[in-house]
Amino acid sequence: MRTRVRGWRWRHNPLRRRSDVIEAWTALIAATLLLVAAPLVGVLAGWWAHDQARGVAVTQRAERHPVRAEVTGEAPDQLPTVQGGRQHTYRVQVRWTDPATGTHTTTARVPAGTRHGDKVSLWFDAKGHNVPPPPGSTAIWQHTVTVGAIAAGGAVAVVLLVNVVVRHISAGHRLAEWERAWARTEPEWTRRRA
């Protein structure tokens, strides 16, 4: 029958080694860091990422403007192949009228299935280049959660790695301490003379 004694590494007894105490303190510190510091790192990183992403979105909204353009070109015979499940797009001639600067014609990416004469919503920068729309609130929050989760996971990985290294080193020290103790005790048990 085997009994388990809780907290034996904390109590003073002849079997407790210095490495046992170090390992116990390391486990306590690691548990505290995993429960407190790792989530805090994730929240702080997510908060920082949210502020950065909002700043980028505000800047892009100031630099870009939406237009409602008419497709004046013809769709290509064969659509380009896309990998990764993204929406098929192709470049085609479009035209729109800006009340301040007049009529503009350029080549822009439009969704697959767009036909001649269809109206599409597009974004352009100050130079007139077709650009993707600025990130919306959903994209900002996805970025926030992703960065926060990765930061928290990285903190957890670092804490666990340090804990494993300390346990490995303390196991080596424990074996050396036991070896020294056995070297002192062996002559009494085996009746050999040192």
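Bear in mind the structure is a predicted one, so any value in this text is a computation, not a measurement. Index from 1, following the sequence. All values below come from the heavy atoms of this structure, side chains included, with hydrogens, waters and symmetry mates left out.
Closest heavy-atom contact between Ile140 and Ala53: CG2-CB, 4.0 Å. The two residues Leu122 and Ala108 make their nearest non-hydrogen contact at CD1-CB, 3.8 Å. The shortest heavy-atom contact between Thr106 and Gly128 is OG1-O, 4.4 Å. Pairing each heavy atom of Ala57 with each of Pro135, the nearest pair is CB-O, 3.7 Å.
Legend: salt bridge (Lys or Arg N to Asp or Glu O under 4.0 Å) pairs involving residues 46-73, not counting sequence neighbours, sorted by first then second residue: Glu70-Arg95. The side chain to side chain donor-acceptor pair (under 3.5 Å) pairs that include a residue from residues 124-139 number zero, where partners must be two or more places apart or lie in different chains.
In this structure the side chain of Gln52 never reaches within 4.5 angstrom of the side chain of Val56, judged on heavy atoms. With contacts defined as side-chain heavy-atom distances shorter than 4.5 Å, the pair Val110/Val94 qualifies.
With sequence neighbours left out, His50 forms a ring pair (Phe, Tyr, Trp, His ring centres under 6.0 Å) with Trp141. Residues passing the side-chain contact (heavy atoms from CB on, under 4.5 Å) test with Arg184 are Arg180, Ala181, sequence neighbours excluded. Annotation: side chain to side chain donor-acceptor pair (under 3.5 Å) contacts of Thr107 (sequence neighbours excluded): Gln93. Not counting sequence neighbours, Thr144 has no partner by the side chain to side chain donor-acceptor pair (under 3.5 Å) test.
In this structure, Val166 is not a member of the same hydrophobic cluster as Val159, with clusters built from ILVMFWY side-chain heavy atoms closer than 4.5 Å.
Here Trp123 sits in one hydrophobic cluster together with Val131; the rule is ILVMFWY side chains under 4.5 Å apart, joined directly or through other members.
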Quick one: side chains of residues 26-43, donor-acceptor pairs under 3.5 Å with protein atoms, not counting sequence neighbours, listed by atom name and distance.
{"unit_1": "Thr26", "atom_1": "OG1", "unit_2": "Ile22", "atom_2": "O", "d": "2.7"}
{"unit_1": "Thr32", "atom_1": "OG1", "unit_2": "Leu28", "atom_2": "O", "d": "2.9"}

Could you tabulate the donor-acceptor pairs under 3.5 Å formed by side-chain atoms of residues 97-105, not counting sequence neighbours?
{"unit_1": "Asp98", "atom_1": "OD1", "unit_2": "Ala100", "atom_2": "N", "d": "3.4"}
{"unit_1": "Asp98", "atom_1": "OD2", "unit_2": "Thr101", "atom_2": "OG1", "d": "3.1"}
{"unit_1": "Thr101", "atom_1": "OG1", "unit_2": "His104", "atom_2": "NE2", "d": "2.6"}

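Taken to the nearest 0.5 Å, the CZ atom of Arg167 stands 4.5 Å off from the CD atom of Glu23.
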